[in-house]
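This report refers to the structure that appears directly beneath it.
Numbered from 1 within each chain, the chains take letters A, B, ... in sequence-line order.
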There are 2 protein chains.
Amino acid sequence: MISHLLNRKLEWRDEVSDEERKILNDLFVRTQDFDVDVDIATDGQRVTFSTLLLEGWAARYKTLSDGRRQITAFHIPGDFVDLHSFPLKKMDHSVLALTKCKVALAPHEALRKVSETNPHLIRLLWLSTLIDAAMHREWITGMGQRSAPGRLGHLFCELYLRLNSVDLASDGRFTFPITQEELGDALGFSTVHINRALRKLREMNLVTVSNQEVVIENWEGLVREADFDPAYLHLEHEPR
Amino acid sequence: MISHLLNRKLEWRDEVSDEERKILNDLFVRTQDFDVDVDIATDGQRVTFSTLLLEGWAARYKTLSDGRRQITAFHIPGDFVDLHSFPLKKMDHSVLALTKCKVALAPHEALRKVSETNPHLIRLLWLSTLIDAAMHREWITGMGQRSAPGRLGHLFCELYLRLNSVDLASDGRFTFPITQEELGDALGFSTVHINRALRKLREMNLVTVSNQEVVIENWEGLVREADFDPAYLHLEHEPR
DNA sequence: CGAGGTCTTGAAGACGATCAACAAACGTGG
DNA sequence: CCACGTTTGTTGATCGTCTTCAAGACCTCG
């Protein structure tokens, strides 16, 4: 089942029936592979498919007219990276493969059919775009109020829970194929400053990042330092 | 018709039939008034109604454990300020009345019924939450990359188009009942710095803010300074 | 008219950017 | 499988943006 990780994500938030699982899986007509540093979707593009990330890491980003870019989200396997393009029709930002990626494609036409026949499932998909928005709000809060180590720490807390919820992290560790430049573009800092903030987190014995791996040494301490409250991830089982 | 401004907003993006207009209007069971500085909805709250702003300005905000707050969105009449609470169930941030506000309440139960009977309408409501998310991404981009005058300028451009789309702004002017402290909490600056950035915009003959009114003196210049591209507002008529 | 909130400006200092140089890791072809 | 070039990471020094603290002006509304 191709949509296994997506099911996993939705099941954290509500009951998903066998029939719904099947409908979800049948949404995807084919898979596609992307190399590192290739756009999975591009700003301004009119799209007719939405993309589920199966393997690899991706990022949403916007480019300013002078070429600087801002990463607005990191995506991991199981994320429906441009589900929002189904109602929006046109991309208002790009999605980039940060590593080699494998994705599955769901035609908007098929999504429209689901919206006409399975209201509960469409509410769950709506929900998943709303959780993306909640992560955006948390991101804004971090950029407005948190220091560099706080922002990094918060990101690591969030990624740990998200990866853990699809069985891609445990014991406070996960692989992290993101460069310091990409971290800088995401959190609004220069690479130099990211480097120094990472050192600070290491010196505080909270997190160590090396060899493409994050090790959270002290979860409680990191949560305190980053002022992390997981409520916004809505990892709660509820009838939706 | 209570939902007149909401209709107006949706009609910018797609056809809305008379029947849909009626269904939309019937969603709302009653109105409610809020005084300045009162929460319309509160973080952590389990809600069973969603709130349409009819009159006044509101803001979404998150509070950190040390009391600092970050405003993540400004809301104007016609905005469905916590439609997202329908699938989310629980608020992950608060909504504050920045002026006296009048709102209309839509029970989640009624929204659920619409989702079962009118897929097109629910796609339009989904769309409106996705545009909120698009504004969040633009906000993140500003906080990561734009200077203080750029961020302010971008906000004024966005608000002008949004207000204009519900007939609350024209000729480059609109009433703006927001204090510099609130602007600071929104854009991630101190009030002192907001004040200086506003002066700079005035000295550049781009925008003047006084007496609770914004006057955009030079739209083209402001768009250039703020690197504003309205695509993310999706003010385009499309079958959704 | 008076009091509290809001705006404005100055001065000092912290945080983060930029520039620069070098070290380490990675990957690609010979 | 090693050599070499490129990308990524690390550290220091200098500079600019934004914060904080402080004080006074303005304005609004009971």
Under 4.0 Å between a side-chain nitrogen and a carboxylate oxygen: does that hold for [X] and [Y]?
{"X": "Asp79(B)", "Y": "Lys9(B)", "result": "yes"}
{"X": "Arg146(A)", "Y": "Glu138(A)", "result": "yes"}
{"X": "Arg68(A)", "Y": "Asp66(A)", "result": "yes"}
{"X": "Glu236(B)", "Y": "Lys89(A)", "result": "no"}

Whole-Å distance between [N] [atom2] and [X] [atom1]?
{"X": "Gln180(A)", "N": "dT11(D)", "atom1": "CD", "atom2": "P", "result": "10 Å"}
{"X": "Leu198(A)", "N": "dG9(D)", "atom1": "CG", "atom2": "P", "result": "9 Å"}
{"X": "Glu181(A)", "N": "dT10(D)", "atom1": "CD", "atom2": "P", "result": "14 Å"}
{"X": "Arg202(A)", "N": "dT11(D)", "atom1": "CZ", "atom2": "C1'", "result": "12 Å"}

Qualifying residues under ring-ring contact (aromatic ring centres under 6.0 Å, His included), relative to Trp219(B), sequence neighbours excluded: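 For Trp219(B) the ring-ring contact (aromatic ring centres under 6.0 Å, His included) partners, ignoring immediate neighbours, are Tyr160(B).
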Is Asn195(A) near enough to dG9(D) that one of its side-chain N or O atoms lies under 4.0 angstrom from OP1 or OP2?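 Asn195(A) to dG9(D) OP1/OP2: no side-chain N or O under 4.0 Å.
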First contact, last contact: which nucleotides of DNA chain C are these for chain B, 5' to 3', heavy-atom distance under 4.0 Å? dT6(C) to dA11(C)
Between Asn205(B) and Glu217(B), do the side chains contain a donor N or O and an acceptor N or O under 3.5 Å apart? no
Just checking, any donor-acceptor pair under 3.5 angstrom between side chains of Tyr232(B) and Asp43(A)?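 No, no side-chain donor-acceptor contact under 3.5 Å.
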Nucleotide-resolved protein contact map, nucleotides 17-30 of chain D, B/S/- at heavy-atom distance under 4.0 Å: -BBBB---------
Treating Asn164(A) as the side-chain partner and Ala169(A) as the backbone partner, does any N or O pair qualify as donor plus acceptor under 3.5 Å?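 Pair found, side chain donor or acceptor close to backbone of Ala169(A).
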